[in-house]
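Every chain is numbered from 1, with letters handed out A, B, ... down the list of sequences. Atom set for the values below is all heavy atoms of this structure, side chains included, hydrogens, waters and symmetry mates excluded.
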There are 2 protein chains.
Amino acid sequence: MNSNVIVRAPLHVQVAERLRLLIDSGELAPGTRLNENELCQNMGVSRTPLREAIRSLATEGLVELQPNRGAIVSVVSQEDVTEILPIMASLEGLGGRLAAMHMQTDQIEQIRQIHNQMVTHYQNNEVTEYFETNRLIHELITEGSGNQTLVDTINSLSAKVRRARFSAQMTRESWAKAVSEHEEMVIALEARDPERLEAILIEHVETKRTTILGSLQRSE
Amino acid sequence: MNSNVIVRAPLHVQVAERLRLLIDSGELAPGTRLNENELCQNMGVSRTPLREAIRSLATEGLVELQPNRGAIVSVVSQEDVTEILPIMASLEGLGGRLAAMHMQTDQIEQIRQIHNQMVTHYQNNEVTEYFETNRLIHELITEGSGNQTLVDTINSLSAKVRRARFSAQMTRESWAKAVSEHEEMVIALEARDPERLEAILIEHVETKRTTILGSLQRSE
DNA sequence: CGGGTTTATATTGCATACAAAATACGTTAT
DNA sequence: ATAACGTATTTTGTATGCAATATAAACCCG
């Protein structure tokens, strides 16, 4: 009998994870060339698993392969974000609708608590903590849909938008609006009102879109 | 000056394409083990590019990696389909809404023509041709959204459902319903009515869901 | 004869080696 | 001085080889 065999993840998976982190943190900025030898030395692996990892990231869309010239960290353009946000709106809306139907009461209570934390961070002007709790709430609602494929799809899209790093600069105004929408979200969830939660989430992403485009305007 | 340089795709890309075809056609059935040596010999390449291709397919979800035991063609379960269809509904709905706003008149006319062909195939009971024209119409509408990310996302999900091969057996009744919904779709598109087209598309995927689940019931 | 253990074989995982292409560099010619 | 060419170096692409793990087979013992 051995039911709990320990299978440590293959190297190429570990490497892919690490690369994902480096890209997500911005340590590997968009447009950066991935030099295989260099990365191999840094991570202490041979080129084979590294290259396998790069191929994976390429199909994920995180890097772009240039034949005979290696891979670069893919750049997320304004157009990309413009394309992605409406999709996110639909999907988050769907997730919210399903969550309002399926979530357990204690799970909803948990979200309420995290939401309250988020509001505190907002009031204290703690941007990083705000974004983190914000992200967590969206994640929990989506997971509350019970639809893993939906969670994966949203995550993959969300990662790209996040990497664009347009969202850092909110105006006081749009930030307030976002928080009030979040308040409404939790209320709709507590009332288990699928249609309402869906509508709010769609509206919420729309707010985000406006914020991002506004920030792009200002930065030109 | 050389603007039309011939860059032939890297081996691992070609191999991935070929594998995708084999899986999609059912030649490599779900659950089949991918033996590296065997495939290498068949395709006349070494293991390195083959393995890179397999990694790509794994992140696409077409195959499943089992550490130290290679890869198997992933099996699309009933649960998977149940998860995917609501997502498809949302996304196709979104695509339709955008398409109704953006598509050119001649593009809409083209869809009308293909639609008429499809109806003929329906009347002549030509199942294969029906499915093909059907698929083409959905593809054209989605592409009409002008949102490439949306097209890609839908295609990736759609591929999985198609691979499940539940949809082959429609009842006369559900087939008729599907055709009539398609008729409404084209009408809404010609009227450039975004909300209506979106609603029909969502309803249409719901019909598909019912059909598939019904076919699953019967096959038990 | 059957269950379990050992041994052999096959298969995957990773590293290295070689080939081809691209980039960088230096030289020459204008 | 600069542009263009050719060579050297780096970097990527592919193949092969070795180690580790899993599967299959043979064997032993009850």
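- Near DNA chain D, meaning a heavy atom under 4.0 Å away, there are no residues from residues 27-35 of chain B.
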>> Show, in sequence, the C-alpha distance, side-chain angles and deciding distance for M103(A) and S145(A), and conclude whether the side-chain contact (heavy atoms from CB on, under 4.5 Å) test is met.
In response: CA-CA 7 Å; M103(A) 277 183 87; S145(A) 71; over 6 Å; no
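- Atom CZ in R55(B) sits roughly 8 Å away from atom P in dC14(C) (whole-Å rounding).
- Atom CG of N37(B) is separated from atom C1' of dT16(D) by 12 Å (rounded to the nearest Å).
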> Run the side-chain contact (heavy atoms from CB on, under 4.5 Å) check on V127(A) and H121(A) step by step: do they pass?
Replying inline: CA-CA 7 Å; V127(A) 181; H121(A) 291 314; over 6 Å; no
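- Distance NE2 (H12(A)) to C1' (dA15(C)): 15 Å, rounded to an integer number of Å.
- A salt bridge between R135(A) and E132(A) is present, with a side-chain N of the basic residue lying under 4.0 Å from a carboxylate O of the acidic one.
- Rounded to a whole Å, the CG atom of N68(B) is 8 Å from the P atom of dC14(C).
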> Where do R163(A) and V73(A) land on the side-chain contact (heavy atoms from CB on, under 4.5 Å) test, with the steps shown first?
Replying inline: CA-CA 11 Å; R163(A) 234 153 53 65; V73(A) 179; 3.7 Å; yes
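- Note: CE (M43(B)) to C1' (dT14(D)) measures 15 Å, nearest angstrom.
- The nucleotide whose nearest atom lies closest to any side-chain atom of R69(A) is, among dG13(D), dT23(C), dG13(C), dT23(C).
- When rounded to the nearest whole Å, the span between CG of L39(B) and P of dT11(C) equals 12 Å.
- Considering only heavy atoms from C-beta on, W175(A) comes within 4.5 Å of N125(A) through its side chain.
- Between H182(B) and H138(B), the ring planes are perpendicular. Angles over 60° get that label, and only those under 30° would be called parallel.
- Look at K177(B) and E203(B) and you find a salt bridge, because one of the NZ, NE, NH1 or NH2 atoms lies within 4.0 Å of a carboxylate O, short of that distance.
- The separation between L11(B) atom CG and dA20(C) atom P is 13 Å, rounded to whole Å.
- Ionic pairing of E83(A) and K160(A) is not present here: no N-O contact between side-chain nitrogen and carboxylate oxygen is shorter than 4.0 angstrom.
- Ion pair R209(A)/E206(A) flagged as a salt bridge, since at least one NZ, NE, NH1 or NH2 atom sits closer than 4.0 Å to an Asp/Glu carboxylate oxygen.
- Of the residues in residues 45-54 of chain B, those placing a heavy atom less than 4.0 Å from an atom of DNA chain C are R47(B), R51(B), in numerical order.
- Rounded to whole angstrom, the span from the CD atom of E36(A) across to the C1' atom of dT11(D) amounts to 8 Å.
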